[in-house]
Visitor: 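Sharing a structure, written as structure tokens. Questions coming.
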Amino acid sequence: TSGCKDRQAFMTTYVALLYSIILGEGRRLVMADLKEMAGELGLKNPRTLVATGNLLFEKRKTALPVLEAKLEKAFAARFGKHIDIILRDADTWRSVVAANPYPQEAAADPEKVGLRIMRQPIDAAGFDTLRRYLGPNEDACMIDGNLWAHFGDGTQKTRFLSAVTPKRAGIGTWRNWNTVRRLGEMVDV
């Protein structure tokens with residue numbers, strides 16, 4: 001043997017969330033193309049979850065802003081459009097999943113529980129402003145810099161989702177509980 005430890009032991013699993021998969025009118029990102037791009041960047045074991053802009057991969061531990069910038073630059077070069085990409089490592093993603101403040105609601109109807117993963121936390125004043133858009137059967141809270149919401153009447157009727165824009169809240173992207181949970185399962189595969 002060479003005396004080196006298993007190189008895989010030094011790899012970290014990352015969850016990458018794309019803000020949008022719309023590339024232009026009538027043109028959506030194909031997940032196979034996203035996986036191919038990741039492979040060309042040297043990211044190991046790229047895999048996606050459904051066709052909603054969720055990518056998992058392994059790489060040696062890297063600062064998230066550096067890796068986000070690298071992915072965004074490669075994405076723009078390959079697909080002709082800038083898309084914000086937010087990363088979390090596997091340990092952080094497990095914490096996000098465990099932090100769900102609406103477990104009973106998520107068990108009853110996972111489509112009514114949403115998470116907006118934020119690049120930078122929303123400040124308290126900004127969150128207070130956003131809360132004004134919540135309907136009577138809705139709730140929202142901030143946990144570890146991310147925005148959780150429960151939409152008691154469903155997401156089709158809420159004003160809150162359209163109020164949480166990058167201009168008001170900063171860069172972030174929404175995922176429903178099914179997606180959050182399934183990504184949590186995938187980080188351990």
Visitor: Checking R94 against E185 for the salt bridge (Lys or Arg N to Asp or Glu O under 4.0 Å) test, could you report, in this order, the C-alpha distance in whole Å, the side-chain angles of both residues, the deciding distance, and whether it holds?
Guide: CA-CA 9 Å; R94 286 184 200 99; E185 293 167 357; over 6 Å; no
Visitor: Write down the atom of A38, the atom of L55, and the distance for their closest heavy-atom approach.
Guide: CB-CD2, 4.0 Å
Visitor: Side chains of T173 and R175 only: does a donor on one sit below 3.5 Å from an acceptor on the other?
Guide: yes
Visitor: Applying the 4.5 Å side-chain criterion to the ILVMFWY set and letting contacts propagate, would W93 and I86 be lumped into a single cluster?
Guide: yes
Visitor: If you draw a 6.0 Å radius around CG in D144, do more than 12 non-hydrogen atoms from other residues or ligands fall strictly inside?
Guide: no
Visitor: Run V187 and L56 through side chain to side chain contact (heavy atoms under 4.5 Å, CB included) and show every step you take.
Guide: CA-CA 7 Å; V187 298; L56 290 93; 3.7 Å; yes
Visitor: Taking C-beta and beyond as the side chain, do R181 and L183 meet within less than 4.5 Å on heavy atoms?
Guide: no
Visitor: To the closest 0.5 Å, what do you measure between CG (D109) and CD (Q104)?
Guide: 14.0 Å
Visitor: Identify, with sequence neighbours excluded, every residue that meets side-chain hydrogen bond (donor to acceptor under 3.5 Å, both in side chains) alongside R116.
Guide: none
Visitor: Evaluate the criterion side chain to side chain contact (heavy atoms under 4.5 Å, CB included) for residue pair L147 and L115; output intermediate values, then yes/no.
Guide: CA-CA 6 Å; L147 177 60; L115 168 66; over 6 Å; no
Visitor: With a 4.5 Å heavy-atom cut-off, do V164 and F127 have their side chains touching?
Guide: no
Visitor: Between W177 and N100 (side chain of the first, backbone of the second, donor and acceptor by atom type, cut-off under 3.5 Å), is there such a pair?
Guide: no
Visitor: Given side chain to side chain contact (heavy atoms under 4.5 Å, CB included), test F79 with V30 step by step and report yes or no.
Guide: CA-CA 11 Å; F79 300 108; V30 176; over 6 Å; no
Visitor: Evaluate the side-chain proximity of I83 to E72: yes if any heavy-atom separation is below 4.5 Å, no if none is.
Guide: no
Visitor: Under a single-linkage definition using a 4.5 Å side-chain heavy-atom cutoff for Ile, Leu, Val, Met, Phe, Trp and Tyr, are W174 and I171 assigned to the same hydrophobic cluster?
Guide: no
Visitor: For E138, what residues pass the side-chain contact (heavy atoms from CB on, under 4.5 Å) criterion, not counting sequence neighbours?
Guide: L134, F151, T158, F160
Visitor: For M11 and R60, run side chain to side chain contact (heavy atoms under 4.5 Å, CB included): C-alpha distance rounded to whole Å, both residues' side-chain angles, the deciding distance at 0.1 Å, then the answer.
Guide: CA-CA 4 Å; M11 301 298 262; R60 286 183 173 266; 4.0 Å; yes
Visitor: Restricting to non-hydrogen atoms, name the atom on R119 and the atom on I85 that form the minimum distance, rounded to 0.1 Å.
Guide: NH2-O, 2.5 Å
Visitor: Do you know the tightest heavy-atom contact between I122 and A169?
Guide: CG1-O, 3.4 Å
Visitor: Quick one: side-chain hydrogen bond (donor to acceptor under 3.5 Å, both in side chains) partners of R168, sequence neighbours excluded?
Guide: Y133
Visitor: For Y102, give me all partners under ring-ring contact (aromatic ring centres under 6.0 Å, His included), at least two apart in sequence or on another chain.
Guide: H150
Visitor: Could you list the residues that satisfy side-chain hydrogen bond (donor to acceptor under 3.5 Å, both in side chains) with E111, not counting sequence neighbours?
Guide: N176, N178
Visitor: Flag the pair P166 / Y19 as yes when at least one side-chain heavy-atom distance between them is below 4.5 Å, and no otherwise.
Guide: yes
Visitor: What heavy-atom pair brings L43 and P46 nearest, and what distance separates the two atoms?
Guide: O-CD, 3.7 Å
Visitor: State plainly whether one hydrophobic cluster holds both M118 and L18, where clusters connect Ile, Leu, Val, Met, Phe, Trp and Tyr through side-chain heavy atoms under 4.5 angstrom apart.
Guide: no
Visitor: Taking the side chain as C-beta and beyond, is there a heavy-atom pair between M31 and N54 under 4.5 Å?
Guide: no
Visitor: Any idea which heavy atoms bring L87 and A16 closest together, and the distance?
Guide: CD2-CB, 3.2 Å
Visitor: Output every pair passing ring pair (Phe, Tyr, Trp, His ring centres under 6.0 Å) with a member in residues 43-69, not counting sequence neighbours, ordered by first then second residue.
Guide: Y14-F57
Visitor: Check this for me, if you would: do D89 and K61 make a salt bridge, where the nitrogen-to-carboxylate-oxygen distance has to be below 4.0 angstrom?
Guide: yes
Visitor: Can you see which heavy atom on I117 is nearest to which on N146, and at what distance?
Guide: CA-OD1, 3.4 Å
Visitor: Kindly indicate whether the side chain of K59, heavy atoms from C-beta on, has any atom under 4.5 Å from the side chain of L67.
Guide: yes
Visitor: So, D128 and R131, do they make that salt bridge, N to O below 4.0 Å?
Guide: no
